[in-house]
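First comes the structure, then the notes that go with it.
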Protein chains: 2
Amino acid sequence: MNKLTISQVAKQGGVNLQTIRYYERQGLLAPISRTEAGYRIYQKDTVRRLRFIKRAQELGFSLSEIKDLLYLRLDAHTTSADIRVRAQAKLADVEQKIRHLEAIQKSLSRLIKSCRGCGPAADCPILENLDGEDFP
Amino acid sequence: MNKLTISQVAKQGGVNLQTIRYYERQGLLAPISRTEAGYRIYQKDTVRRLRFIKRAQELGFSLSEIKDLLYLRLDAHTTSADIRVRAQAKLADVEQKIRHLEAIQKSLSRLIKSCRGCGPAADCPILENLDGEDFP
DNA sequence: CTAAACCCTGTACTAAGGTATAGAGTCAAG
DNA sequence: CTTGACTCTATACCTTAGTACAGGGTTTAG
């Protein structure tokens, strides 16, 4: 048998059962058919797709971006270059976030250095800085 | 006059009027009093506090953390060291996020390098990797 | 035959940080 | 006195990625 119920898919994919239905609503995952009673029927392949989704998420892709990737893959006109473009855009995205966080890191480090950590909070250079006026 | 209406505060603070009320609900900002009709009355000081909130947000603090900072500052027992501890925790937090994103960056870069960008999507090493099985 | 275990749909809830709208009251100018 | 600008509260909506529950139908084991 190659057929799976929703709970088997969830268990094998390591996700919550509700998540499967959620992915279906989001257009990421569909059962191949239904039983007469309306129960969803899946193939073994679905577990593979779940893994695809999880890995892409780990790389920072959102569900809607992952949906795009999945549809791109289905389209015979899609080339390897098309996929690479998505990956490059995501990389640029991630690098942007890193730069932003590094700027925050620098500011925080500077503030922490400026604070000797003694005296009342009223004199704390960190709070003074947040208050504005004086510091850059 | 040192009194401000809600829309004056919003304009001077560069935020939406609704945001002022939202911050009040979150315990970050309170009017000094109300008119007989129930209109909020603020001081000039409120604009300073708004600036405090915005700067702290830029440093990656959440509103609830900012609320903590504000209450800490009000407490006469709070020392400069208490504030520094918060800043250090936030710095650790930010550095953790940077490391996470750098790991993603590495994986994406590796995948992009592995893809020559030609041929059909079916042969794309990026998609193959997401599918699993072979690659780490 | 019945109870447990499963499945269905639809809805509501979570975090965070707001934004928008409805319906009502208030205030100042002309 | 009316119009427009302002304010009030309460509620709903947005994003993302799910989770939970209610109320019902189905399937399977004993």
Side-chain angles (χ1 to χ4, degrees), chain A residues 1 3-42 46 49-70 90 93-94 97 100 104, chain B residues 1 3-42 46 49-70 90 93-94 97 100 104:
Chain A
M1 278 307 192
K3 316 274 164 155
L4 298 173
T5 65
I6 189 168
S7 66
Q8 288 168 336
V9 167
K11 186 165 276 182
Q12 288 183 35
V15 302
N16 192 300
L17 185 139
Q18 309 275 37
T19 304
I20 307 287
R21 295 201 268 247
Y22 174 68
Y23 285 171
E24 183 175 341
R25 283 202 299 282
Q26 302 304 315
L28 289 158
L29 207 59
I32 43 166
S33 66
R34 299 266 189 150
T35 67
E36 282 185 17
Y39 286 23
R40 290 169 180 83
I41 302 170
Y42 299 93
T46 305
R49 175 168 289 212
L50 264 184
R51 206 163 43 229
F52 181 99
I53 295 170
K54 282 174 104 178
R55 295 206 187 191
Q57 275 188 310
E58 281 162 16
L59 289 177
F61 288 94
S62 70
L63 288 186
S64 102
E65 288 166 336
I66 294 169
K67 184 176 158 187
D68 284 353
L69 286 177
L70 288 167
K90 182 48 63 183
D93 216 67
V94 166
K97 278 183 188 143
H100 182 219
I104 293 176
Chain B
M1 279 307 190
K3 316 275 164 156
L4 298 173
T5 65
I6 189 168
S7 66
Q8 288 168 335
V9 167
K11 186 166 277 180
Q12 289 184 35
V15 302
N16 192 299
L17 185 139
Q18 308 276 36
T19 304
I20 306 287
R21 295 201 267 247
Y22 174 68
Y23 285 172
E24 183 176 340
R25 282 201 300 283
Q26 302 304 315
L28 289 159
L29 207 58
I32 42 165
S33 66
R34 299 268 189 149
T35 68
E36 281 185 18
Y39 286 23
R40 291 168 179 83
I41 303 170
Y42 299 93
T46 305
R49 174 168 289 212
L50 263 184
R51 206 163 42 229
F52 181 98
I53 295 170
K54 283 173 104 178
R55 295 206 188 190
Q57 276 188 309
E58 281 163 16
L59 289 177
F61 288 93
S62 70
L63 288 185
S64 101
E65 288 166 337
I66 294 169
K67 184 176 158 189
D68 284 353
L69 286 176
L70 289 167
K90 183 48 64 182
D93 215 67
V94 166
K97 277 183 188 142
H100 182 218
I104 292 176

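Small disclaimer: the values here were computed from a predicted structure and weren't measured. The chains referred to below are lettered A, B, ... by the order of the sequence lines, with proteins before strands, and numbering in each begins at 1.
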Its contact letters, B for base, S for sugar-phosphate only and - for none at protein heavy atoms under 4.0 Å, make nucleotides 22-27 of chain C read ---BBS
With sequence neighbours left out, write down each residue that passes side chain to side chain contact (heavy atoms under 4.5 Å, CB included) with B:N16, or none if nothing qualifies. B:Q18, B:T19
Atom CG of B:L28 to atom C1' of C:dG18: distance rounded to whole Å? 12 Å
The helix from C:dC1-D:dG30 to C:dG30-D:dC1: angle between terminal helix axes, five bp per end, to the nearest 10 degrees, reads 40°
For A:L17 and A:R21 the tightest heavy-atom approach is CD2-NH2, 3.0 Å
Atom-pair distance (OH on A:Y42; C1' on C:dC7), nearest Å: 11 Å
So, taking the atom named CD1 in B:I41 and the one named CD in B:Q8, what distance separates them when rounded to the nearest 0.5 Å? 11.0 Å
Would you mind reading off the distance between B:K67 atom NZ and C:dG17 atom P, rounded to a whole angstrom? 12 Å
Are OP1 or OP2 of C:dT9 and a side-chain N or O of A:R40 less than 4.0 angstrom apart? yes
Kindly say if B:Y22 contacts the phosphate of C:dA16, meaning a side-chain N or O under 4.0 Å from OP1 or OP2. no
Under a 4.0 Å heavy-atom criterion, DNA chain D is touched by chain A from D:dA17 to D:dT27
Take B:L63 and B:Q57 through the side-chain contact (heavy atoms from CB on, under 4.5 Å) test and state the conclusion after the steps. CA-CA 7 Å; B:L63 288 185; B:Q57 276 188 309; 3.6 Å; yes
Heavy-atom check, side chain of A:L50 versus side chain of A:V15, under 4.5 Å: yes
The reported gap from CG in A:L69 to NZ in A:K90 (rounded to nearest 0.5 angstrom) is 9.5 Å
Whether A:K97 side chain and B:K97 backbone form a donor-acceptor pair below 3.5 Å: no
Could you check how far CD of A:E24 sits from P of C:dG10, rounded to whole Å? 12 Å
Across the strands shown, which category fits A:Q26 at heavy-atom distances under 4.0 angstrom: base, sugar-phosphate, nothing? nothing
Of residues 7-21 of chain A, the positions that come close to DNA chain D - non-hydrogen atoms, cut-off under 4.0 Å: A:N16, A:Q18, A:T19
Minimum side-chain heavy-atom gap B:L70-B:R49 below 4.5 Å: yes
Can you give the donor-acceptor pairs under 3.5 Å from side chains of residues 27-36 of chain A to other protein atoms, not counting sequence neighbours?
residue, atom, partner, partner atom, Å
A:R34, NH1, A:G38, O, 2.8
A:T35, OG1, A:A37, N, 3.3
A:T35, OG1, A:G38, N, 3.4
A:T35, OG1, A:Y39, N, 3.0

Which atom names give the shortest non-hydrogen contact between B:R40 and B:E24, and what distance separates them? NE-OE1, 2.7 Å
Of all heavy-atom pairs between B:I20 and B:Y42, which one has the smallest distance, and what is that distance? CG2-OH, 3.4 Å
Quickly work out the B:I66 CD1 to C:dA16 P distance and round it to whole Å. 12 Å
